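So the structure is just underneath, and the comments pick up after that.
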Amino acid sequence: MKELCVIGSLNMDLVTTVGDFPKPGETIFGDSFKTFPGGKGANQAVALGKLGADVLMVGKVGDDIYGAKYLEVLKNNNVRQDGVDIEKEISSGVAIIKVNNKGENNIVVVSGANGKVDVNYIESKWDVIVKADIFLFQLEIPMETVVYTMKKLKDLGKIIILDPAPASKLPDDIFKYIDFITPNETELETLAEKKIDNEDDLREAANILFDKGVKVIISKQGRRGAAIIKRNEYAHVSGFKVNAVDTTAAGDSFNAGFAFALAQGKILEECVKFANAVGGISTTALGAQEAMPSYEVVRKFMDEKK
Ligand code: RIB
């Protein structure tokens, strides 16, 4: 199985559950509060670790209690952490998350130490980074670092997966380095600068990215599943029905599942089916990483849903 590396963010998630989200200017009472490890990068790494992958995390935490706790979380979940340093005099990344009674969320991220993952840091970790074969990126560390690192890795023929989240416009030179980009609908709209209301819009948006150099788009569609889109090909892979409690990190879990199956040498349809299962299962408990499944749990789930 190929070796994986996640280069991205580690956040501590401060999660409150609420009936409905407050309107601007409104104060409401929450039902509960809990702290969970999160961050798009670390979520993907932990999901991979739980599946049993050989995975390295590259990123930074702050010199606070959250940073120290996070190093334990990585260790306990089978994630190699020689790519994670503690940055002095800055907080760890945090995310303030509200989850409503439909399992939907809204999130405010404070970057903290994630903002210090710069090009020099990548250089200092290059010897460990370069040993991996498949790389997962998201957009919670500086964009300059993402572009620089992807270019270096692509020059070496590595496989690159970008989860373009949180939604953000991307510099044009990044697209040619990406093998698989995995936007949800909002992210695809942002990248293509086009409103998507139906499948025709989706294909047109996809073509805008192909013109920029993207090779394959895995279009995440929540509970409906995902589509594999190539220049002249479109295949939809249905999602699985689950009782969602909290969709935080469903996309991260999807990406981890996709990368895991890819590292096993599975064909794309199988990778997306496996990703749909991992993403779906991950929504069944509160907290980004709480319900991320082991490989055995995913297999059993997929067999039962046949
Ligand atoms: O993708 C979910 C993650 O987004 C949360 O864990 C939170 O930390 C934010 O980064």
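Indexing begins at 1, ligand by ligand and atom by atom, following the structure's order. The model shown is predicted, which means the values in this text are computed figures rather than measured ones.
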* Asked: Does K125 NZ have over 12 foreign heavy atoms under 6.0 Å away?
  -> yes
* To do: Look at K40 together with D163 and state whether they make a salt bridge at an N to O cut-off of under 4.0 Å.
  => no
* Give a yes or no answer on whether the side chain of N276 reaches the backbone of S238 with a donor-acceptor pair at less than 3.5 Å. => yes
* Asked: Side chain of N114, backbone of L10: donor and acceptor closer than 3.5 Å?
  -> yes
* Do E87 and Y121 get their side chains close enough for a donor-acceptor pair, meaning under 3.5 Å? -> no
Table of N or O contacts for ligand 1, cutoff 3.5 Å:
from: ligand 1; atom 1: 1 (O); to: K40; atom 2: NZ; distance (Å): 2.8
from: ligand 1; atom 1: 1 (O); to: D252; atom 2: OD2; distance (Å): 2.7
from: ligand 1; atom 1: 4 (O); to: K40; atom 2: NZ; distance (Å): 3.1
from: ligand 1; atom 1: 6 (O); to: D13; atom 2: OD1; distance (Å): 3.4
from: ligand 1; atom 1: 6 (O); to: D13; atom 2: OD2; distance (Å): 2.6
from: ligand 1; atom 1: 6 (O); to: G39; atom 2: N; distance (Å): 3.0
from: ligand 1; atom 1: 6 (O); to: N43; atom 2: ND2; distance (Å): 3.0
from: ligand 1; atom 1: 8 (O); to: N11; atom 2: ND2; distance (Å): 3.1
from: ligand 1; atom 1: 8 (O); to: D13; atom 2: OD1; distance (Å): 2.6
from: ligand 1; atom 1: 8 (O); to: G39; atom 2: N; distance (Å): 2.9
from: ligand 1; atom 1: 10 (O); to: N11; atom 2: ND2; distance (Å): 3.0
from: ligand 1; atom 1: 10 (O); to: E140; atom 2: OE1; distance (Å): 3.1
from: ligand 1; atom 1: 10 (O); to: E140; atom 2: OE2; distance (Å): 2.6

* Within 45° cone and under 6.0 Å: K131 NZ/CZ vs W126 ring -> no
